[in-house]
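All figures in this text were calculated on a predicted structure; none of them were measured in a lab.
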Amino acid sequence: MRLTTKGRYGMRLVLDIAQHEKYGPVSMAETSLRQDISAKYLERLVGELQRAGVVKSLRGREGGHLLAMPPEKITVGDVVRILEGEAAELACSHNRLSCPRSVHCLTRAIWVAADQAMFEKLDSVTVRDIIEDGQNCLSVKEAEQARLARGLPAAPPPAPDIGGRRKAVRRILRQRLAMTMNRAAKPEGAPKKIMVVDDDPDIVDYLVTVFRDRGYATCSANGGVEATEVLIRENPDLITLDLEMPEEWGPRFSRRVSRLPEFKHVPIIVISGLPGIHMAIPRAVATVRKPFDPAEVLGLVESAIGAP
């Protein structure tokens, strides 16, 4: 059996959609960041999976990709066969005429049996099995070691079930007009305000301290739903935004902000430890990799909105 990156990356793509589609259609930009795979390569894979009926795509601003069938109906073998085709099987196991030695080959039976055993295993494991039972996954300790070896921040604790996230967001947005009308104008001479959005409380405390010491006013939130509410209530002049948050990823929050007329021009500085962060939010005025230099962040803030 010859398994290329198409099969391996395709399986990671399907699992990423399965894990995150409860929050809405999954964009390939977000999957690219989470999986550290080229977005262009993912688009090629998702096209093949879509044609095979495993994935469906939705267009529009809230568009993205969803599974086209229940996860318990999709096996690892299905994904591998769709993306790898005959390359996934040993040549002489599915076509004995492909090798002139096959008639007298003493080892062919071994390779055929190995191929069959491999696909019996792949066909026995579904996407739901992997998501729910963690089959063939790293242990928590191994996964954490792998993150640290790649220079990524420690993984946050598992997020609670937030099936009501969309309802909460809609409730907040319904209140937007009333909150905007009731919001008092900023007092003349008041310092400019920065909103820090990050799920790591240590990062939030550190940035808030840095900005306050420089003379800026601050507010903060630890996820997209809370950030929307704080944004409307506090009316900040600039947002620093993490990308990887358990409740809602930064790119989705940014897209929501861009559709609010009174906030769509608020500059955003992305601060994240993920690779490829410069591509995550095209309208961001700057991107900074964690761990960061506070002097660099302050310089970028002052370039975007001026002194306090």
Report, one line per pair, each donor and acceptor closer than 3.5 Å where one atom sits in a side chain of residues 43-50; sequence neighbours left out.
{"from": "Glu48", "atom 1": "OE1", "to": "Lys6", "atom 2": "NZ", "distance (Å)": "3.4"}
{"from": "Glu48", "atom 1": "OE2", "to": "Lys6", "atom 2": "NZ", "distance (Å)": "3.0"}
{"from": "Gln50", "atom 1": "OE1", "to": "Ser57", "atom 2": "OG", "distance (Å)": "3.2"}

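Using a 4.0 Å cut-off between a side-chain N of Lys or Arg and a carboxylate O of Asp or Glu, Asp200 and Lys290 do not qualify as a salt bridge. Between Asp16 and Arg34 there is a salt bridge, since at least one side-chain N of the basic residue sits less than 4.0 Å from a carboxylate O of the acidic one.
The distance from atom CG of Asp78 to atom NZ of Lys73, rounded to the nearest 0.5 Å, is 11.5 Å. In this structure, Glu226 CD and Asp199 CG are separated by 11.5 Å, a value rounded to the nearest 0.5 Å. Rounding to the nearest 0.5 Å gives a distance of 6.5 Å between CG of Leu241 and CZ of Phe253. Here the NZ atom belonging to Lys56 is positioned 5.5 Å from the CG atom belonging to Leu66, to the nearest 0.5 angstrom. Atom OG1 of Thr240 sits about 11.5 Å away from atom CG of Leu300, to the nearest 0.5 Å. Expressed to the nearest 0.5 Å, how far CD of Glu234 lies from CD1 of Ile239 amounts to 12.0 Å.
No donor-acceptor distance shorter than 3.5 angstrom exists from the side chain of Asn222 to the backbone of Asp198, with no hydrogens or angles considered. The backbone N or O of Val127 lies less than 3.5 Å from no partner atom in the side chain of Glu72, so there is not a single donor-acceptor pair. Between the Ser258 side chain and the Arg255 main chain, a donor and an acceptor come within less than 3.5 Å of each other. Remark: the backbone N or O of Met28 is not paired with any side-chain donor or acceptor of Thr31 at under 3.5 angstrom. Judged by distance alone, the side chain of Lys193 and the main-chain N or O of Cys219 form no donor-acceptor pair under 3.5 Å. For the pair Arg12 (side chain) and Gln35 (backbone), a donor-acceptor distance under 3.5 Å is present. In this structure, Ser303 contributes its side chain and Gly299 its backbone to a donor-acceptor pair below 3.5 Å. A donor-acceptor pair under 3.5 Å is absent between the side-chain atoms of Arg283 and the main chain of Ile268, judged by distance alone. Judged by distance alone, the side chain of Ser32 and the main-chain N or O of Ile37 form a donor-acceptor pair under 3.5 Å.
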*Verdict with reasoning, Glu244 to Arg252, per salt bridge (Lys or Arg N to Asp or Glu O under 4.0 Å)*: CA-CA 11 Å; Glu244 187 179 24; Arg252 190 176 293 273; over 6 Å; no
*Please lay out, stage by stage, how Leu122 and Thr75 fare under the test side-chain contact (heavy atoms from CB on, under 4.5 Å).*
CA-CA 7 Å; Leu122 296 184; Thr75 70; over 6 Å; no
_Test log, rule side-chain contact (heavy atoms from CB on, under 4.5 Å), inputs Val301 and Ile269_ = CA-CA 8 Å; Val301 168; Ile269 295 177; 3.9 Å; yes
_Derivation of the side-chain contact (heavy atoms from CB on, under 4.5 Å) call for Arg289 and Ser272_ = CA-CA 5 Å; Arg289 288 290 299 272; Ser272 173; over 6 Å; no
*Under the side-chain contact (heavy atoms from CB on, under 4.5 Å) rule, what do Arg8 and Thr5 come out as? Steps first, then yes or no, please.*
CA-CA 5 Å; Arg8 291 186 287 112; Thr5 56; 3.2 Å; yes
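Transitive grouping of hydrophobic side chains (ILVMFWY, heavy atoms separated by less than 4.5 Å) keeps Ile281 and Ile271 in distinct clusters. Connection of Phe211 to Val230 is not established within any shared hydrophobic cluster, with ILVMFWY side chains joined at heavy-atom distances below 4.5 Å, either directly or through further cluster members. Taken together through direct or relayed side-chain contacts under 4.5 Å among Ile, Leu, Val, Met, Phe, Trp and Tyr, Leu67 and Ile130 form part of one hydrophobic cluster. When the side chains of ILVMFWY residues are joined at heavy-atom separations under 4.5 Å, either directly or via intervening members, Met69 and Leu13 end up in a single hydrophobic cluster. A chain of hydrophobic side-chain contacts below 4.5 Å, direct or via other Ile, Leu, Val, Met, Phe, Trp or Tyr residues, connects Met11 to Val80.
Residues Ile305 and Pro267 form a side-chain contact, since some pair of their non-hydrogen atoms from C-beta on lies under 4.5 Å apart. In this structure the side chain of Val76 never reaches within 4.5 angstrom of the side chain of Asp129, judged on heavy atoms. At least one side-chain heavy atom of Pro251 sits under 4.5 Å from a side-chain heavy atom of Leu243. Side-chain contact check for Val196 versus Thr218: every heavy-atom pair is 4.5 Å or farther apart. Considering only heavy atoms from C-beta on, Val210 stays 4.5 Å or farther from Tyr216 through its side chain. Side-chain contact check for Leu238 versus Met195: every heavy-atom pair is 4.5 Å or farther apart. Using a 4.5 Å cut-off on side-chain heavy atoms (C-beta onward), Leu231 and Leu260 make contact. With a 4.5 Å cut-off on side-chain heavy atoms, Asp205 and Val208 do not count as touching.
The nearest pair of heavy atoms linking Val285 to Ala304 is CG2-CB, 4.3 Å. Residue Ser220 comes nearest to Val204 through the heavy atom pair CB-CG1, 3.6 Å, listed as atom of the first residue, atom of the second, then distance. Nearest heavy-atom pair, Pro191 versus Gly215, reported as atom, atom and distance to 0.1 Å: CB-O, 3.4 Å.
Looking only at atom types and distance, the side chain of Thr4 has no donor-acceptor partner in the side chain of Tyr9 under 3.5 Å away. At a cut-off of 3.5 Å, with distance as the only test, a side-chain donor of Arg256 or Thr228 sits close to an acceptor on the other residue.
The salt bridge (Lys or Arg N to Asp or Glu O under 4.0 Å) pairs that include a residue from residues 299-308 are Arg214-Glu302, where partners are two or more places apart or lie in different chains.
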